[in-house]
Amino acid sequence: MISCTAGVVLVAASSFPRGLGSDNSSWPLTSRQHLLIQHMPKTGGTSFRKMIFQDAARRGKTLQAHYGPGFHDSPQFDAEHPAQVIMGHGVNFHTLSSPVASGHSVRYATMVRSPLAWALSLYLHFHPHVETHLDEKVVEYVQGFFTKCEGLVRSSNGTGCNSQLYAWYSGGATPAMPDKCESFASFFTHSSRLLLVNERYEESIWLLYQMLGWGSPPKLVHLNARPDAIYDQHVTLRTTSDIAAIIAESCLPDIYDAARERFEHVYRRARAYCTNREPCDLATSQLGLSLWTPLQGADRS
């Protein structure tokens with residue numbers, strides 16, 4: 001049975017695909033089980049990638065990056081021979097899931113961030129130096145997001161998206177619900193996706209490691225960190241208010257709110273389960289599989 005509450009999809013154990021209990025009881029990650037991490041820009045993903053790839057390699061897992069030609073040192077994405085751990089801006093909900101290859105299982109993870117903080121960070125990443133008329137340029141920059149990604153605008157009939165918002169678009173919303181933003185939120189928070197939250201970074205990494213059965217995460221590092229003062233010094237309150245108003249006309253707040261709600265739900269249950277359990281077997285437990293359900297490839301034999 002599948003129930004939807006505030007855009008969050010919760011899947012009961014009885015709704016698992018046939019054979020899930022036996023075929024996937026060996027999580028974490030055999031050769032036919034894949035972890036796909038969508039790297040949303042400016043959510044701590046560079047630090048995230050370094051940590052996950054190092055730990056995965058130490059555990060003998062195969063790695064691929066799906067960023068585009070010449071990006072990063074990891075072997076580039078090969079759809080014919082997908083690695084166990086795949087991460088990149090090019091990873092979305094349809095990567096390896098349309099359809100999932102027979103006998104394979106796929107799980108997704110995405111880290112989200114407050115849309116306002118995300119938009120400001122993205123602009124300052126590309127424009128790190130003090131400029132004249134900065135406030136006007138920031139607002140114009142954010143407005144430009146939605147001319148290239150009509151699919152995320154509440155009032156638009158457009159469905160395309162080819163801008164930095166593609167990570168939020170995540171491969172496109174399903175037309176399952178009459179409300180566009182509700183449909184996006186439900187699509188984004190599907191139970192096969194583990195939602196992590198930048199503002200809860202430490203708890204998010206703990207949750208991912210428990211869900212993978214990797215034990216305690218290493219000491220967290222923050223690469224590409226930008227001092228908070230840059231926001232205080234260069235962006236006015238009026239500008240942040242104008243940007244927030246632009247973002248409010250899109251589905252980003254709905255997606256973020258639903259993602260945070262799903263994270264809180266999963267994190268709360270995971271913490272309760274792992275309390276007084278050593279080691280915590282969340283990765284192979286029925287609860288863990290219900291909270292983060294692998295998508296199972298159909299048997300075509």
Side-chain angles (χ1 to χ4, degrees), residues 27-29 31 33-79 81-97 106-115 117-119 121-122 124-126 128 163-171 188 192-226 256 259 263 266-267 283 292 294:
W27 281 95
L29 296 180
S31 61
Q33 295 167 331
H34 309 278
L35 170 64
L36 271 61
I37 303 173
Q38 177 180 267
H39 177 179
M40 185 179 288
K42 310 315 297 176
T43 58
T46 302
S47 308
F48 189 20
R49 181 183 66 245
K50 181 176 181 179
M51 178 179 60
I52 291 295
F53 273 22
Q54 283 183 342
D55 266 9
R58 184 166 59 85
R59 289 173 166 83
K61 309 306 179 185
T62 55
L63 309 172
Q64 288 176 1
H66 196 359
Y67 289 89
F71 226 81
H72 304 297
D73 298 328
S74 302
Q76 292 301 298
F77 178 64
D78 180 356
H81 306 92
Q84 293 163 281
V85 179
I86 303 167
M87 185 172 182
H89 297 162
V91 174
N92 63 48
F93 200 76
H94 292 301
T95 308
L96 299 187
S97 69
V106 178
R107 275 173 163 172
Y108 298 86
T110 300
M111 186 170 291
V112 299
R113 185 179 184 182
S114 160
W118 176 83
S121 182
L122 189 65
L124 291 169
H125 173 75
F126 291 112
S163 72
Q164 295 284 357
L165 287 177
Y166 188 74
W168 292 92
Y169 191 78
S170 196
F188 204 87
S192 63
R193 185 191 297 271
L194 184 67
L195 275 303
L196 310 174
V197 179
N198 177 266
E199 290 82 358
R200 300 280 300 278
Y201 194 82
E202 184 173 349
E203 294 98 328
S204 292
I205 299 303
W206 176 88
L207 178 61
L208 176 64
Y209 270 63
Q210 297 309 313
M211 285 292 200
L212 290 173
W214 286 6
S216 299
K219 181 180 179 180
L220 301 182
V221 296
H222 295 279
L223 305 175
N224 291 345
R226 194 179 300 280
Y256 179 70
F263 168 78
V266 175
Y267 177 75
W292 191 18

Participant: Would a distance-only check, ignoring hydrogens and angles, find a side-chain to backbone donor-acceptor pair under 3.5 Å from Gln76 to His66?
Facilitator: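 Checking the backbone N and O of His66 against the side chain of Gln76, no donor-acceptor pair under 3.5 Å is found.
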Participant: Between atom OH of Tyr108 and atom CG of Leu35, what is the distance when rounded to the nearest 0.5 Å?
Facilitator: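 These two atoms lie 10.5 Å from each other.
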Participant: Please answer whether the main-chain N or O of Pro41 pairs with a side-chain N or O of Trp118 as donor and acceptor at a distance below 3.5 Å.
Facilitator: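 Yes, Trp118 side chain to Pro41 backbone: donor-acceptor pair under 3.5 Å.
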Participant: Tell me, do Gln38 and Leu36 make a side-chain contact under 4.5 Å, heavy atoms counted?
Facilitator: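 No, side chains not in contact.
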Participant: For Thr43 and Asn198, which heavy atoms make the closest approach, and how far apart are they?
Facilitator: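 In this case the closest contact between Thr43 and Asn198 is O-ND2, 3.0 Å.
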Participant: Determine yes or no for a side-chain-to-main-chain donor-acceptor pair under 3.5 angstrom, with Arg107 supplying the side chain and Leu194 the backbone.
Facilitator: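 No, the answer is negative, given that no donor and acceptor are paired below the 3.5 Å cut-off.
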Participant: Can you name the closest pair of heavy atoms from Ala117 and Arg113 and give their distance?
Facilitator: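 Distance-wise, the nearest heavy atoms are CB-NE, 3.8 Å.
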Participant: Looking only at non-hydrogen atoms, find the nearest pair between Tyr201 and Gly44 and report the distance.
Facilitator: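 Where Tyr201 meets Gly44 most closely, the heavy atoms are OH-O, 3.6 Å.
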Participant: Looking at every non-hydrogen atom in both residues, tell me the closest pair between Leu63 and Ala57 and how far apart they are.
Facilitator: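 Scanning both residues completely, I find the closest heavy atoms to be CD1-CB, 4.1 Å.
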Participant: Quick check: do Gln33 and Pro294 have side-chain heavy atoms less than 4.5 Å from each other?
Facilitator: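 In short, these two side chains do not touch, never coming nearer than 4.5 Å.
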Participant: CG of Leu196 to OG1 of Thr110: how many Å apart, nearest 0.5 Å?
Facilitator: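 Spacing of CG (Leu196) from OG1 (Thr110) equals 8.0 Å.
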Participant: Given 3.5 Å as the limit, does a donor-acceptor pair link the side chain of Gln64 with the main chain of Asp78, or not?
Facilitator: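 Pair found, side chain donor or acceptor close to backbone of Asp78.
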Participant: Would you say that Trp292 contacts Val266 through its side chain, given a criterion of any heavy-atom pair below 4.5 Å between the two side chains?
Facilitator: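 When only atoms from C-beta onward are counted, Val266 and Trp292 do not touch, as no gap falls below 4.5 Å.
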Participant: With sequence neighbours excluded, what pairs up with Tyr166 under the ring-ring contact (aromatic ring centres under 6.0 Å, His included) test?
Facilitator: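 Partners of Tyr166 by the ring-ring contact (aromatic ring centres under 6.0 Å, His included) criterion come out as none, since no residue qualifies.
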Participant: Only counting residues at least two apart or in another chain, list the ones meeting ring-ring contact (aromatic ring centres under 6.0 Å, His included) with Tyr256.
Facilitator: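 Partners of Tyr256 under the ring-ring contact (aromatic ring centres under 6.0 Å, His included) test: none.
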Participant: So which heavy atom on Ala167 is nearest to which on Met40, and how close?
Facilitator: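 Smallest interatomic distance, heavy atoms only, reads CB-CG, 3.7 Å.
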Participant: Is there a donor-acceptor contact under 3.5 Å from the side chain of Ser204 to the main chain of Val197?
Facilitator: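 Yes; judged by distance alone, with no hydrogens or angles, the pair exists.
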Participant: Could you tell me which non-hydrogen atom of Leu122 sits nearest to which non-hydrogen atom of Gln164, and how far apart they are?
Facilitator: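 Where Leu122 meets Gln164 most closely, the heavy atoms are CD2-CB, 3.5 Å.
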Participant: Which class fits the ring pair Tyr267 and Trp206: parallel under 30°, tilted 30 to 60°, perpendicular over 60°?
Facilitator: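 Tyr267 vs Trp206 ring planes: perpendicular.
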Participant: Do the side chains of Asn92 and Tyr169 get nearer than 4.5 Å, heavy atoms only?
Facilitator: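 No; the side chains remain at least 4.5 Å from each other.
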Participant: Distance-only, no hydrogens or angles: does the Thr62 side chain make a donor-acceptor pair with backbone N or O of Gln84 under 3.5 Å?
Facilitator: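 Confirmed, Thr62 side chain pairs with Gln84 backbone.
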Participant: Got a donor-acceptor contact below 3.5 angstrom from the Arg59 side chain to the Trp214 backbone?
Facilitator: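 Between the backbone of Trp214 and the side chain of Arg59 there is a qualifying donor-acceptor contact (under 3.5 Å).
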Participant: So, taking the atom named NE2 in His34 and the one named NZ in Lys61, what distance separates them when rounded to the nearest 0.5 Å?
Facilitator: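 Atom-to-atom, His34:NE2 and Lys61:NZ are 12.0 Å apart.
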Participant: Working to the nearest 0.5 angstrom, can you tell me the gap between Phe53 CZ and Met87 CE?
Facilitator: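 With rounding to 0.5 Å, CZ (Phe53) is 6.5 Å from CE (Met87).
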Participant: Within the 4.5 Å heavy-atom criterion, are Ile52 and Leu208 side-chain neighbours or not?
Facilitator: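 A side-chain contact under 4.5 Å exists here.
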Participant: Side chains of Phe263 and Val112: does their closest heavy-atom pair fall under 4.5 Å?
Facilitator: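 The answer is no; the side chains never approach within 4.5 Å.
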Participant: Are the side chain of Tyr67 and the backbone of His39 linked by a donor-acceptor contact shorter than 3.5 Å?
Facilitator: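 Absent.
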